[in-house]
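Worksheet: the structure to be examined is printed underneath.
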Amino acid sequence: MIHLPNDDTSCGWYDALPDTAVNPPLAGEESADYVVLGAGFAGLAMARRLAELSPYSRILLIDAQRIGQGASGRNSGFVIDLPHKFALEHPDPAHKQKLLSLNRLAIKQLSKLVSKYNIHCQWSAVGKFQGAVGPRGEAYLDHFEHLMKDLGEPYLHVGAEKLSKVLGTRYYSRAIFTPGGYLMQPAALVRGLAQSLPDNVEILENSPIRGISKENGYWRLQGDNGVVKTPDLLLGTSIFTREFGYLKNRLLPVMTFASWTRPLSDEEMQRYGGQLNWGLDPGGSCRHYIADDGRSTNSGSKLL
């Protein structure tokens, strides 16, 4: 049995998007020069690069759901240049610099695409606060500062008073600000990247693939109502890659949860008293985010 994405239907990021026409599902028999399975960030990047390198090839990008409904459209709204804490603790400085340069290259490419195709996803270069609450959080910040010094990266100390004027709350005792982070509306970014693909990429939505096999040098992808054959198959399926027999026991699914408010009213904005358009990471998997429309999120696997 192939386990397929089974996401709930209450993703605020996706539900806030305007309605668009649905791309057709897989039906009947199809053939393509390339097939990319999975239309998240990885699959979109694969399809775009293939189209650039092979502009006369037919490329099919297939997703089991609508574009933006999967994991890429459900992340916490941050694009970060700095590696996560466990990567910052790596003993090899060259390894950390490589991760940092890769992250920044990806951000640069995304920025160009957002600008070139006028993708409305609240793309904003506002940096990121690393916040602390209590002794445990303070110790985390001290360690984070040590890692930043080793990396040679710029950062700023932000005290409680100044931080409260940004966040509108005195809950956090202090923070470290790093300038390289971006905020964005992830489902809007995913959809915009899909809508701006080159013309030789065709998207099939709501097209779950139940199995793949190889016959006479061609991959055969079996859907509910159709079949695709291709000599070259690329998997952008993340944790679902193991469902097709690859990377078994090498992928660890992590489920996190979030709440998302409606835009604040004028009265609520006056009571809030903080700034708009900032992002804060308290040090775990949780993140706060306030967009420029006054809408906020709390995301993570623990309560805030």
Side-chain angles (χ1 to χ4, degrees), residues 12-13 16 75-85 88 100 103-104 107 110-111 114 120-149 151-189 256-304:
W13 294 123
N75 70 55
S76 56
F78 285 73
V79 179
I80 59 173
D81 60 340
L82 292 169
H84 287 292
K85 180 177 177 291
L88 285 174
L100 186 60
N103 289 348
R104 286 178 173 161
I107 291 173
L110 280 173
S111 293
V114 168
H120 297 288
C121 62
Q122 297 179 305
W123 185 259
S124 182
V126 296
K128 176 172 70 71
F129 293 97
Q130 193 79 34
V133 178
R136 182 180 178 185
E138 296 277 353
Y140 180 94
L141 275 196
D142 291 339
H143 181 53
F144 181 68
E145 181 177 6
H146 172 74
L147 296 172
M148 292 294 292
K149 286 180 178 178
L151 196 60
E153 285 295 309
Y155 64 90
L156 292 174
H157 289 278
V158 184
E161 186 65 27
K162 185 176 181 180
L163 190 62
S164 68
K165 292 179 180 179
V166 176
L167 309 184
T169 176
R170 295 183 178 274
Y171 181 71
Y172 291 94
S173 56
R174 64 183 176 95
I176 288 177
F177 175 79
T178 53
Y182 283 64
L183 299 181
M184 51 84 182
Q185 210 278 39
L189 177 58
T256 59
F257 303 90
S259 60
W260 204 50
T261 75
R262 57 169 170 73
L264 302 179
S265 67
D266 291 342
E267 179 185 355
E268 289 166 336
M269 285 299 299
Q270 291 179 354
R271 289 165 50 197
Y272 161 58
Q275 298 180 14
L276 296 181
N277 209 27
W278 54 262
L280 181 141
D281 186 341
S285 60
C286 302
R287 290 183 174 92
H288 298 301
Y289 174 113
I290 282 197
D292 54 9
D293 66 352
R295 194 188 299 267
S296 68
T297 68
N298 293 331
S299 65
S301 57
K302 54 188 178 183
L303 296 177
L304 302 176

Approximate separation, where rounding is to 0.5 Å, of Ser76 OG and Trp13 CH2: 8.0 Å

pair Ile176-Val158: side-chain heavy atoms closer than 4.5 Å: no

Nearest-0.5 Å distance that lies between atom CG in Leu141 and atom NE2 in His146: 14.5 Å

Test item: Glu268 and Arg262 side chains (from C-beta on) under 4.5 Å apart, heavy atoms: yes

Distance in Å, Phe144 CZ paired with Thr178 OG1, rounded so as to fall on 0.5 Å steps: 5.5 Å

Evaluation steps, side-chain contact (heavy atoms from CB on, under 4.5 Å), between Leu82 and Leu100: CA-CA 6 Å; Leu82 292 169; Leu100 186 60; 4.0 Å; yes

Sole residue of Asp281, Asp81, Val79 in side-chain contact (heavy atoms from CB on, under 4.5 Å) with Lys128: Asp281

Ile80 CD1 to Leu183 CG distance, which is reported to the nearest 0.5 Å: 11.5 Å

Minimum heavy-atom distance between Trp278 and Val166, given as atom pair plus value: NE1-O, 3.3 Å

Minimal non-hydrogen separation, Pro186 against Gly77, with atom names: CD-CA, 4.1 Å

Pairs meeting criterion salt bridge (Lys or Arg N to Asp or Glu O under 4.0 Å) with involvement of residues 156-181, two or more places apart: Glu138-Arg174, Asp142-Arg174, Glu161-Arg170

Flag side-chain contact, heavy atom, 4.5 Å: Leu276 against Met269: yes

Residues which pass ring pair (Phe, Tyr, Trp, His ring centres under 6.0 Å) with His120, listed by chain and number, not counting sequence neighbours: none

Worked verdict on Val126 versus Tyr182 for side-chain contact (heavy atoms from CB on, under 4.5 Å): CA-CA 6 Å; Val126 296; Tyr182 283 64; over 6 Å; no

Set of residues satisfying side-chain hydrogen bond (donor to acceptor under 3.5 Å, both in side chains) with respect to Ser111, sequence neighbours excluded: Trp123

Derivation and outcome, side-chain contact (heavy atoms from CB on, under 4.5 Å), residues Glu153 and Met148: CA-CA 6 Å; Glu153 285 295 309; Met148 292 294 292; 3.4 Å; yes

Beyond-backbone contact of Pro282 with Val133, side-chain heavy atoms, under 4.5 angstrom: no

Closest approach of Gly12 to Trp260 (non-hydrogen atoms, all atoms of both residues): O-CZ3, 3.0 Å

side-chain contact (heavy atoms from CB on, under 4.5 Å) evaluation trace for Lys149 with Tyr155: CA-CA 9 Å; Lys149 286 180 178 178; Tyr155 64 90; 3.0 Å; yes

Min side-chain heavy-atom separation Met184-Phe78 under 4.5 Å: no

